[in-house]
Amino acid sequence: MTLDDLVEVLLNKGAVLHLDLIVSVADIPLIGVSLRAAIAGMETMLEYGMLRRWDEDTRAWAERSTGHRDLEPRAGERHIVHMRGGHLLEDGFRTTWRPGTVHLTDRRLVVMRREPREVLWETELAAVRAVRPESERSVGGEQRTRLRVVLTDGRQALLSCTEPERLRALLAGTCPGPLETSPVGPEREDGGEGEGGRAVLEGHLWYHEPRRDGPLWRGGQGRLTPDALVWKSPLDARPALVLPSDDITAVRTAPGRSPAGGGTVVTVETASQGPVTLTADEPGSWAGALDSLRTAAPLPSA
């Protein structure tokens with residue numbers, strides 16, 4: 001076994017040493033050594049539940065002592081707090097969480113990553129109009145709280161952080177203007193049951209949005225009520241698609257390239273907007289619900 005092979009085994013799998021040693025002088029045992037040791041890479045150690053507390057304490061100490069140095073302060077700017085977090089990026093085809101560190105100063109809210117060094121998202125505190133907690137279920141089923149930051153120009157950003165309630169309270173006390181911090185769920189943003197009333201179906205929905213340089217798949221939240229289908233991206237201030245149920249003339253499914261991971265897309269024919277293309281994890285459910293609304297919608301008066 002070469003040295004490279006030995007290092008690879010130690011890092012990826014690890015080794016356990018059992019050593020019993022007796023040191024004798026003139027056949028007289030003087031010193032006894034009983035050694036039990038585990039040698040492995042840190043990832044392997046943590047996987048088996050070893051050194052986990054030490055790793056957490058070390059990382060927390062490093063973050064407290066050096067984390068705020070990642071952000072270059074402006075003249076006279078005071079750093080308030082930093083914590084692990086991230087920013088939700090939507091590139092039009094899919095949404096991706098970009099992990100980093102959330103920094104709050106007396107002037108700015110910044111999400112940065114250290115390597116490669118990059119500012120993922122940034123805003124002046126004077127431009128923040130609202131900070132609202134949103135509950136979201138993670139891939140593992142855990143309920144997590146995110147913070148939606150709404151700016152005065154209508155732009156929005158969804159942030160994650162280790163202490164969302166603390167960051168929300170600090171923002172409320174630091175932002176120069178009045179700040180809305182009350183929880184607002186997607187079904188109550190209009191102060192009632194949502195646009196059009198009770199939801200028939202809602203969830204993550206992909207919209208093939210028409211653009212000047214060609215249509216583009218965008219992920220967002222779809223909400224279907226007896227009156228309309230409303231689709232909105234997490235980063236849009238207003239819905240990009242509002243499709244009244246009485247405008248729908250036909251609904252069909254067909255094989256097609258889908259960002260949802262399947263091969264089925266839903267085409268909704270409309271009287272005023274032309275064909276609208278959608279897809280979801282369960283496109284059949286959306287197609288059935290849309291078609292039911294189409295048949296239930298009252299005919300337009302002559």
Side-chain angles (χ1 to χ4, degrees), residues 87-98 121 123 127 129-130 132 134 136 146 148-159 184-254 256-262 264-283 285-287 289-291 293-294 297:
H87 168 251
L88 182 65
L89 172 69
E90 185 182 49
D91 58 8
F93 190 78
R94 65 187 64 190
T95 55
T96 304
W97 278 106
R98 301 188 295 174
W121 182 83
T123 183
R129 188 187 75 194
R132 299 165 177 163
E134 292 188 3
E136 179 183 83
R146 315 294 192 187
R148 179 168 299 281
V149 181
V150 183
L151 305 183
T152 52
D153 61 3
R155 291 180 298 150
Q156 299 184 21
L158 193 61
L159 308 181
V184 179
E187 73 281 1
R188 297 197 56 85
E189 288 184 350
D190 61 348
E193 290 186 308
E195 197 163 336
R198 179 183 56 84
V200 176
L201 184 62
E202 60 184 331
H204 192 271
L205 189 67
W206 294 89
Y207 171 40
H208 207 211
E209 185 176 37
R211 295 195 174 186
R212 180 175 301 177
D213 53 351
L216 184 68
W217 283 109
R218 299 184 68 203
Q221 187 76 7
R223 180 178 174 84
L224 184 62
T225 70
D227 295 331
L229 169 65
V230 179
W231 181 90
K232 181 181 176 183
S233 161
L235 301 183
D236 291 345
R238 298 181 179 180
L241 175 66
V242 178
L243 189 60
S245 56
D246 56 6
D247 194 34
I248 300 174
T249 59
V251 180
R252 65 177 186 272
T253 58
R257 185 180 177 186
S258 166
T264 302
V265 297
V266 180
T267 300
V268 183
E269 298 288 348
T270 69
S272 62
Q273 303 184 38
V276 175
T277 305
L278 309 165
T279 192
D281 292 335
E282 298 181 0
S285 300
W286 285 93
L290 283 163
D291 195 52
L293 289 187
R294 178 188 66 83

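All figures in this text were calculated on a predicted structure; none of them were measured in a lab.
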Under 3.5 Å: donor-acceptor pair, side chain of Ser245, backbone of Pro226: yes

Euclidean distance, Leu290 CG relative to Thr267 OG1, rounded to 0.5 Å: 11.0 Å

Pairwise distance CG(Leu158) to NE2(His87) - rounded to 0.5 angstrom: 8.0 Å

ring-ring contact (aromatic ring centres under 6.0 Å, His included) partner of Trp231, the single match among Tyr207, Trp206, Trp286: Tyr207

Partners meeting side chain to side chain contact (heavy atoms under 4.5 Å, CB included) with Thr249 (sequence neighbours left out): Glu269, Ala271

Ala240 versus Glu209, closest heavy-atom pair with distance: CB-OE2, 3.8 Å

Rounded distance (nearest 0.5 Å) linking atom CG of Asp291 with atom CZ of Arg252: 12.0 Å

Value rounded to 0.5 Å, distance of CZ in Arg155 from OG1 in Thr123: 6.5 Å

Which residues share a side chain to side chain donor-acceptor pair (under 3.5 Å) with Thr152, sequence neighbours left out: none

Least distance between heavy atoms, Arg218 atom then Arg211 atom: CD-NH2, 3.3 Å

Heavy-atom side-chain proximity of Ile248 to Leu229 below 4.5 angstrom: no

Distance in Å, Leu89 CG paired with Thr96 OG1, rounded so as to fall on 0.5 Å steps: 6.0 Å

Interatomic distance, Leu88 atom CG to Arg148 atom CZ [nearest 0.5 angstrom]: 8.0 Å

Nearest atoms (heavy-atom pairs only) where Val266 meets Pro283: CG2-O, 3.6 Å

For His204 against Gln221, the heavy-atom pair lying closest together: N-OE1, 4.0 Å

Side chain to side chain donor-acceptor pair (under 3.5 Å) partners for Gln273, two or more places apart: none

Heavy-atom pair with the smallest gap, counting every atom of Leu205 and Ala280: CD1-CB, 3.9 Å

Closest heavy-atom pair and its distance - Trp121, Leu159: CZ3-CD1, 3.9 Å

